[in-house]
A.B. asks: 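I am attaching a structure below and will ask some questions about it afterwards.
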Amino acid sequence: METKLKSALIIVAVVLLISLTVLTNTMIAGQTQKNDFVGLDNQNLPTITVSEQGEVSVAPDTAEISFAVISTAEVVETALNDNNEKMQEVVDYLKQEGVEDKNIQTSSFNVRPLYRYEEKDTTGYNERVVYSYEVSNSVSVTLTDFEKVDTVVDGAVRAGANNVSDLRFFVEDEEQYKKQAREMAINKAKQKAEEISSALGVSLGRIINFSEDYYSPVYPMRDYDMAMEESAGGSSVPIEVGENDISVTARIQYEIK
């Protein structure tokens, strides 16, 4: 009986030892796999981090403009009819200039009452009353022929648009220029890391982490309320396209040895 008990205990001990060995190997393998991925190393390693920017200047190929007609009247139907007529004239003009239907899109439409406060003789309190209605309709227009931009802005105002905003020039497909800026930033960051490591007397190891920031500013061209006033005098609205700067900032963290 005692011999059987000893044998059973030995078997249990062997099984526990095998299970513990398998569990330990699994944890080690998992940690090894984890460390193979960039940015997942949780060890306290000596590192250096470098950051550089790559920038590409490119002429935009697309313009986007918002035209609005804002109408007010004491009766909402009057404001609505006036707005519809003027906006239709604006849209008809845009199409006459060759703007395709797909490039004219309604961006907002609003009808709202306008209030003012009047003193009531019977109560002595101010009461809010509706004195008028405002109807606004905005369309977003996309142009690829920049020679028509100034003409379209001026003509749309003459056709009835009394608010012009959000004129911006941008690159329709920025990805290829973003790629160029990224490569430039990474190459500059690598060169800086090599210079720093050489000065410190250390060697660069593997890349521990990498991140990037992408920036493509859109610059407002000018104040278009002023531009519309100038255009009313008979001259076209001056438009300058310029260039857009597409930039990528790359940050690379290296292990050092």
Side-chain angles (χ1 to χ4, degrees), residues 56-73 76-112 114 132-181 214-247:
V56 176
S57 296
V58 55
D61 55 21
T62 307
E64 188 175 76
I65 322 169
S66 178
F67 297 106
V69 174
I70 302 174
S71 304
T72 58
V76 65
E77 289 82 2
T78 303
L80 184 61
N81 291 335
D82 177 74
N83 191 276
N84 289 341
E85 290 176 5
K86 289 181 178 178
M87 179 53 77
Q88 188 60 56
E89 291 178 5
V90 172
V91 172
D92 289 343
Y93 165 75
L94 293 172
K95 292 181 179 180
Q96 289 173 8
E97 285 296 320
V99 182
E100 299 181 22
D101 290 348
K102 65 178 182 179
N103 291 328
I104 305 173
Q105 183 179 43
T106 299
S107 54
S108 68
F109 180 82
N110 295 289
V111 179
R112 68 186 183 100
L114 301 179
S132 185
Y133 291 89
E134 180 184 89
V135 178
S136 63
N137 190 355
S138 299
V139 293
S140 179
V141 179
T142 302
L143 300 171
T144 55
D145 185 356
F146 289 170
E147 293 184 357
K148 286 187 175 182
V149 173
D150 56 346
T151 303
V152 166
V153 171
D154 183 68
V157 171
R158 296 177 187 279
N162 52 12
N163 183 277
V164 182
S165 61
D166 299 332
L167 171 59
R168 65 189 189 101
F169 295 101
F170 60 95
V171 180
E172 182 69 27
D173 183 12
E174 291 187 342
E175 193 58 37
Q176 57 177 320
Y177 304 106
K178 180 181 176 182
K179 181 179 178 182
Q180 294 176 20
Y214 171 57
Y215 182 56
S216 177
V218 177
Y219 302 100
M221 295 299 103
R222 60 173 298 163
D223 185 340
Y224 277 92
D225 289 335
M226 184 185 300
M228 286 190 291
E229 291 177 4
E230 293 175 358
S231 68
S235 59
S236 297
V237 178
I239 302 295
E240 298 295 335
V241 178
E243 290 187 336
N244 287 10
D245 297 325
I246 299 172
S247 66

A.B. asks: Which heavy atom of Pro60 sits nearest to which heavy atom of Glu243, and what is that distance?
C.D. replies: CD-CA, 4.1 Å
A.B. asks: Can you name the closest pair of heavy atoms from Asn83 and Asn137 and give their distance?
C.D. replies: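 It is OD1-CB, 3.3 Å.
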A.B. asks: Which atom pair, heavy atoms only, marks the closest approach of Asp245 to Ser57?
C.D. replies: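 Of all heavy-atom pairs spanning Asp245 and Ser57, the closest is OD1-OG, 2.6 Å.
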A.B. asks: Roughly how far, to the nearest 0.5 Å, is the OG1 atom of Thr62 from the CZ atom of Arg168?
C.D. replies: 9.0 Å
A.B. asks: For Glu172, is there any backbone N or O sitting under 3.5 Å from a side-chain donor or acceptor partner on Asp61?
C.D. replies: yes
A.B. asks: Which heavy atom of Val149 sits nearest to which heavy atom of Ile65, and what is that distance?
C.D. replies: CG1-CD1, 4.2 Å
A.B. asks: Holding to salt bridge (Lys or Arg N to Asp or Glu O under 4.0 Å), I want the full list of residues that pass it with Glu89, two or more places apart in sequence or in another chain.
C.D. replies: none
A.B. asks: For the residue pair Ala156 and Tyr93, what are the closest heavy atoms and their distance?
C.D. replies: N-CE2, 3.4 Å
A.B. asks: For Glu97, is there any backbone N or O sitting under 3.5 Å from a side-chain donor or acceptor partner on Lys148?
C.D. replies: yes
A.B. asks: Is it the case that the side chain of Asn81 and the backbone of Glu77 share a donor-acceptor pair, with hydrogens and angles ignored and the cut-off at 3.5 Å?
C.D. replies: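 At least one qualifying donor-acceptor pair exists.
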A.B. asks: Of all the heavy-atom pairs spanning Ala79 and Tyr133, show the shortest one and how long it is.
C.D. replies: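 Closest pair (atom of Ala79, atom of Tyr133, distance): CB-O, 4.0 Å.
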A.B. asks: Under 3.5 Å, sequence neighbours excluded: what are the donor-acceptor pairs made by side chains of residues 100-111?
C.D. replies:
from: Asp101; atom 1: OD1; to: Lys95; atom 2: NZ; distance (Å): 3.3
from: Ser107; atom 1: OG; to: Ser138; atom 2: O; distance (Å): 3.3
from: Ser108; atom 1: OG; to: Ser138; atom 2: OG; distance (Å): 3.3

A.B. asks: In the structure I gave you, are the side-chain heavy atoms of Phe67 and Leu94 within less than 4.5 Å of one another anywhere?
C.D. replies: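 In short, these two side chains touch, coming nearer than 4.5 Å.
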A.B. asks: Once you round to the nearest 0.5 Å, how far does CD1 of Ile246 lie from CD of Gln176?
C.D. replies: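 Here the interatomic distance stands at 8.5 Å.
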A.B. asks: Do Asp82 and Thr78 come close enough that some side-chain heavy atom pair is under 4.5 Å?
C.D. replies: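 When only atoms from C-beta onward are counted, Thr78 and Asp82 do not touch, as no gap falls below 4.5 Å.
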A.B. asks: Among side-chain atoms of Ser66 and Asp166, is any donor-acceptor pair under 3.5 angstrom?
C.D. replies: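 No donor-acceptor contact under 3.5 Å links the two side chains.
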